[in-house]
Amino acid sequence: MKNWFTCPLFFLLFIFTICFSHSALSQTTSDKIRLNQIGFYPNGPKTAAIITAEESSFYILNTTHTDTLFSGKLQKPVTNAISGKIVRLADFSSFHKQGTFILSIPAVGYSYPFTIKNNVHHLLAVSTLKSYYYQRASIPLISKFAGQWARAEGHPDTQILIHPSAASANHPAGTIISSSRGWYDAGDYNKYIVNSGITMGTLLSLYEDFPKYTETIHTNIPESQNAIPDLLDEILWNLRWMLTMQDAEDGGVYHKLTNASFDGMIMPDRAIKPRYVVKKNTIATLDFAAVMAQASRVFRKYPKQLPGLADSCLQSAQKAWIWAQNNPEVLYQQNLINQQNDPDITTGSYEDKSNKDEWVWAATELYVTTKDNKYYPYIKQDLDNALSIPSWNQVRTLAYYTLSRYGSTLTQTGKKDLPSIQKHITSLADNLLKDVEMQPYGTVMGKTAKDYIWGSNSLAANQGIALVYAYQITHNSRYLHYALSNLDFILGRNGTGYCYVTGSGSKSPHHPHHRPSIADGIDAPIPGLLAGGANPGQQDKCEYPTTIADECYADIDCSYATNEIAINWNAPMVYLVTALEALQRSIK
């Protein structure tokens, strides 16, 4: 019998088969390759992070893996101080060809596919803004606009009770008011003024900073055919609700509209518990004043479409300001309220112990809108303080963004301080950029474990916004480069490898802590929602694969600490991706 292993042809075929099989096994999609799963601009930076200690070449292939279009060497290894893992970067910024591609590393595998083209993030800008439509209360979502996520109307909110904590002589406890529209705040069905404050401020600022580009974002909502940009139409849905939360008698603003306790995992139309407006307070009233003053500026451009709205917003803002001056230290303290009133309120508290930042923000928006110097002392006394990244309970920096944006139209009183105001913004950005080149993922986000807070992805987006403002002031493209790096972080170049926006990329959340996405019986979650992101706090007590700060994320609906969504997290995401689309020609 012939020995086939002595046949030269068979031996070559055997060796080829073994080698091919080894190659096929090693070259599978690898979660060790972390990159923006949406893609890159042709002339912009393009970076992937590889979890590997090995020196290697990398290759850009077509999607069928048949052509090698670009090659390069992985950069020097950097140890991630948070996880201890070794990371190397692959920089293919000089590859400008447009199309859809795969990054390959022979000893590691293939990346998820990505696209290189102009306006590569435009659909993401549309999707993340459209998410607010799915959060609307008091309206049915029909298939023409909502697709498979159509649902019945939830919470008409025309029969809202005055909670005892909110009672007044003219509105005693149990009085019924109407407070319809608005967005559900997060994964729950309640509506909160404080969190609407920063959300609306961020979205209104997006329009003011990039009006022309925002007009190109069409989200297919019921108002899309009117003569107002879809961004502003969506803002109007929440603005009209906010106006109902002001006590017309005295100008104070209720903290929230809420159930006494959270609903179960049910659809909005099944959530029929009694709802209340709860205690007026200084911080909610100042947030309201700021939003209304800013909205007055924006909607004054649409007198025919929205007659009288700009005046109504300004009047409401001024009335709220007067109430706050007369009630300067009224805090929302939920435990104290529950000790003194029934029923107990156990939904999101949004408690804030300091209102200094809200005074600055409200004063700024009223000052810029009215040009009245009486508001300026509240700004002047704050100018010695360093800025921090905005959050729902720290809104000072929003004031500085507005002052910088309108620097050329400020009164002479304000113009004198404009260099100092803008220096505060650039100093904040410079602090973000410090030592960024030494970071394992090459991103501003994640320089320390302290970045991984509840809603860490919104921190990443807000860091990006700070860098965009620094670019607008200085025109230094380095700021814009690293703003884009934080978008890359959110979309996959991070410690988990997740693209954190539902319905986007190859590896995105499928089980967000979001009642409609859980209860609707549809496998795919509502798209365009930004998950909170890695958070080692694990406040929900769910099971997590690790406690490592930049990896502590679980795509399970139990995980409200890492996988919930929220309107104040989506807003900076909308801003960042839209701003980068508008500025893409300047990104280097």
Side-chain angles (χ1 to χ4, degrees), residues 41 44-45 198 201-214 290 294 297-298 357 360-361 363-365 367-369 371 376 379-380 382-391 394-437 443-445 447 459-487 571-588:
Y41 299 117
I198 188 171
T202 302
L203 294 176
L204 286 163
S205 294
L206 172 60
Y207 176 79
E208 290 191 295
D209 288 329
F210 303 101
K212 290 185 179 179
Y213 188 80
T214 58
Q294 188 176 14
R297 289 197 303 270
V298 168
D357 52 309
V360 176
W361 185 32
T364 294
E365 300 300 345
Y367 163 67
V368 170
T369 298
K371 304 296 190 295
Y376 200 77
I379 303 166
K380 184 71 174 180
D382 187 70
L383 293 179
D384 291 334
N385 298 317
L387 297 182
S388 59
I389 296 300
S391 61
Q394 184 49 258
V395 293
R396 289 176 58 248
T397 302
L398 299 185
Y400 285 72
Y401 291 164
T402 291
L403 291 166
S404 180
R405 180 187 312 125
Y406 284 97
S408 63
T409 63
L410 300 179
T411 67
Q412 288 303 313
T413 302
K415 284 182 179 178
K416 292 177 183 178
D417 291 320
L418 182 60
S420 174
I421 289 164
Q422 294 186 326
K423 180 63 176 176
H424 275 64
I425 296 172
T426 56
S427 294
L428 174 62
D430 289 340
N431 188 55
L432 292 173
L433 292 184
K434 185 178 180 180
D435 298 329
V436 65
E437 291 89 353
T443 64
V444 167
M445 176 63 184
K447 288 200 294 184
L459 174 64
N462 273 307
Q463 289 174 338
I465 292 174
L467 294 167
V468 168
Y469 275 103
Y471 169 76
Q472 296 284 65
I473 293 167
T474 66
H475 298 291
N476 182 340
S477 62
R478 186 166 182 260
Y479 293 120
L480 211 53
H481 175 110
Y482 283 104
L484 182 61
S485 85
N486 266 26
L487 182 62
M573 181 64 191
V574 174
Y575 185 108
L576 180 60
V577 66
T578 305
L580 291 172
E581 279 289 290
L583 296 169
Q584 64 181 282
R585 292 185 180 180
S586 302
I587 297 173
K588 298 177 182 178

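Source: prediction; values computed, not measured.
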- Contacts of Ser586 that satisfy side chain to side chain donor-acceptor pair (under 3.5 Å) - sequence neighbours left out: Tyr471
- Taking everything shown except Lys588 itself, do over 12 heavy atoms lie less than 6.0 Å from its NZ? no
- Query: Tell me, do Leu204 and Arg297 make a side-chain contact under 4.5 Å, heavy atoms counted?
  - Reply: no
- Item | Residue list, salt bridge (Lys or Arg N to Asp or Glu O under 4.0 Å) with Arg405, at least two apart or on another chain | Glu208, Asp209
- Message: Return the OH to OG1 distance between Tyr469 and Thr426, rounded to the nearest 0.5 Å.
- Response: 14.5 Å
- Query: What distance separates Asp357 CG from Gln394 CD, expressed to the nearest 0.5 Å?
  - Reply: 4.0 Å
- Task: Name all pairs fulfilling the salt bridge (Lys or Arg N to Asp or Glu O under 4.0 Å) condition that reach into residues 418-429, sequence neighbours left out, sorted by first residue then second.
- Result: none
- Task: Considering only NZ, NE, NH1 and NH2 on the basic side and carboxylate oxygens on the acidic side, decide whether Asp435 and Lys447 come within less than 4.0 Å.
- Result: no
- Check: Tyr482 and Val436 side chains under 4.5 Å, non-hydrogen atoms: yes
- Message: Please check this pair: side chain of Thr409 against backbone of Tyr406, looking for a donor-acceptor N/O pair closer than 3.5 Å.
- Response: yes
- To the nearest 0.5 Å, how far apart are NE2 in His424 and CG in Leu403? 11.0 Å
- Query: So, do Glu581 and Tyr41 sit near enough that their side-chain heavy atoms are less than 4.5 Å apart?
  - Reply: yes
- Message: Quick one: does any side-chain atom of Ser404 pair with a main-chain N or O of Tyr400 as donor and acceptor, under 3.5 Å?
- Response: no
- Note, Leu480 side chain near Leu580 side chain (heavy atom, < 4.5 Å): yes
- Note on the structure: To the nearest 0.5 Å, atom CD of Gln294 lies from atom CD of Glu365 at 4.5 Å
- Task: Compute whether any side-chain donor of one residue and acceptor of the other, for Thr411 and Tyr367, lie under 3.5 angstrom apart.
- Result: yes
- Query: Which residue, Thr202, Leu206, Leu484, Val468, forms the side-chain contact (heavy atoms from CB on, under 4.5 Å) with Leu576?
  - Reply: Val468
- Item | pair Tyr575-Asn462: side-chain heavy atoms closer than 4.5 Å | no
